[in-house]
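Order of listing sets the numbers, starting from 1, for every ligand and every atom in it. If you're wondering where the values come from, they're calculated on a predicted model, not measured in any experiment. Residues: numbered from 1 along the sequence shown.
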Amino acid sequence: MAIAPLRWSEKSLLLLDQRLLPAEEKWLTLTTWQEVESAIRDMAIRGAPAIGVAAAYGMALAAQAGEDRAIADQGLRNSRPTAVNLFWALDRIATVSQWSREKILAEAQAIEQEDLEMNHKIAQFGAELVPNGARILTICNTGSLATAGHGTALGIIRTAYTQGKVAHVYSCETRPRQQGLRLTAWELLHDKIPFHSIADSAAASLMRQGKVDFVVAGADRITANGDTANKIGTDMLATLAHTHKIPFVIAAPSSTIDPSLSDGSLIPIEERESSELTEIEGVRVAPENCPVWNPAFDVTPADLISAIVTEKGVFRAPYGFL
Ligand code: MRU
């Protein structure tokens, strides 16, 4: 059965709590936009496109409850700052003139359906770039859990695998929240794609040993010049791939492109609480009062990116998004 991070059910939004995966598959039942805002902020749902879809459904819950539209919109916008898909989805909901459950829900469902369709197109375009017998390195979770289904970077891996092109996947653990180890590993096992999880710090060694042919990652925001914000550690992989002359590809729907920003230095980068680093499963491992810097994302400069794949095709520098 296909994996999905959320589904609408009559009057509520059901959401698979990604904080508990893979140990527990627990579905949350959300009935207010405030609960959706908390679920995004606390990362019960995460991944740029999935955040956008969830926020759209949050607005449907607000309309259903007859809540103030502007307050709900602003509240959801405040949940996480980096993934532009959140703002893109809320902007789309804002174009719906009628503040009714029926109309807002229909738009949220359209956003979800379109994201799924975009992912399948990205996967087709992206799979063409994958060499035969490829050993692919990826980071974070960019799969069904991070989107309306199939995934972006992981969607390319899925499709290329069904085409017989993928020999092996290496999935970065993705410290500090371990989206790679917990979520991507879960999805790869589900699809029976051969892989190894690696510590993020093993990537250089893996590449130096000649065991990586292709690197693919997702995106949270792509600026007009092609600079790309994605999970912290992505820039490191791009820099390594450049050194080892390995193609480094970004995959994202056009809802991830922010043409209003000229370059990546303008992207707001979320910094999260220090406990993500100082604690493991709630157990403190760092000394008390240990100072921590914990950015959730970094920006990979466009000149380290071999290609950006969207549902519209494969783009290379200079990026003509505008
Ligand atoms: O902090 P997260 O888990 O929301 O970060 C997710 C990522 O960085 C993904 O790579 C990105 O959102 C693309 S998901 C298709």
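- By the criterion of a heavy-atom distance under 4.0 Å, both the backbone and the side chain of A48 are placed next to ligand 1.
- Following chains of ILVMFWY side-chain contacts shorter than 4.5 Å, one can reach I111 starting from L15, so the two form part of one hydrophobic cluster.
- Between the side chains of S274 and N294, no donor-acceptor pair of N or O atoms lies under 3.5 Å.
- Proximity of R177 to ligand 1, defined as any heavy-atom pair under 4.0 Å, is not found for any part of the residue.
- In terms of protein heavy-atom proximity, atom 11 (C) of ligand 1 is nearest to D220 OD1, 3.2 Å.
- The protein heavy atom nearest to atom 13 (C) of ligand 1 is A219 O, 3.4 Å.
- Ring pair H168/H196 is tilted by interplanar angle, where 30° to 60° counts as tilted.
- Checked by distance only, ligand 1 and T142 stay at 3.5 Å or farther apart across all their nitrogen or oxygen atoms.
- Between the side chains of N85 and S255, a donor-acceptor pair is found at a separation under 3.5 Å.
- The proximity of K231 to ligand 1, defined as any non-hydrogen pair under 4.0 Å, involves the side chain as well as the backbone.
- In this comparison of T152, D298, I51, I139, the heavy atom closest to atom 15 (C) of ligand 1 sits on T152.
- Contact check for D115 versus P253: side-chain heavy atoms found under the 4.5 Å cut-off.
- At a 3.5 angstrom cut-off on N or O pairs, N230 counts as close to ligand 1.
- Residue C140 has no nitrogen or oxygen atom sitting less than 3.5 Å from a nitrogen or oxygen atom of ligand 1, judged on distance alone.
- Residue Y161 is grouped with residue I122 when hydrophobic side chains (ILVMFWY) are merged at heavy-atom distances under 4.5 angstrom, including chains of intermediate members.
- Taking any N or O of R46, backbone or side chain, at least one lies under 3.5 Å from an N or O belonging to ligand 1.
- Partner of V216 under the side chain to side chain contact (heavy atoms under 4.5 Å, CB included) criterion, chosen from V169, T142, I136: I136.
- Counted by atom type alone, E311 and S254 present one or more donor-acceptor pairs between their side chains at under 3.5 Å.
- Which parts of ligand 1 touch M43 is read off a 4.0 Å heavy-atom cut-off, strictly below it: atoms 1 (O), 2 (P), 3 (O).
- In T147, the part holding a heavy atom less than 4.0 Å from any atom of ligand 1 is the side chain.
- Under 4.0 Å from ligand 1, the heavy atoms of P49 that appear belong solely to its side chain.
- For ligand 1, the atoms lying closer than 4.0 Å to a non-hydrogen atom of R80 are 1 (O), 2 (P), 4 (O).
- Tested against M59, the residues L90, L105, V96, V36 include a single side chain to side chain contact (heavy atoms under 4.5 Å, CB included) partner, L90.
- Contact atoms of ligand 1 toward Q179: 1 (O), 2 (P), 3 (O) (distance under 4.0 Å to a heavy atom of the residue).
- Ranking protein heavy atoms by distance to atom 14 (S) of ligand 1, first place goes to A146 CB, 3.6 Å.
- In summary, the side chains of Q18 and R46 do present a donor paired with an acceptor at a separation below 3.5 Å, with no hydrogens or angles considered.
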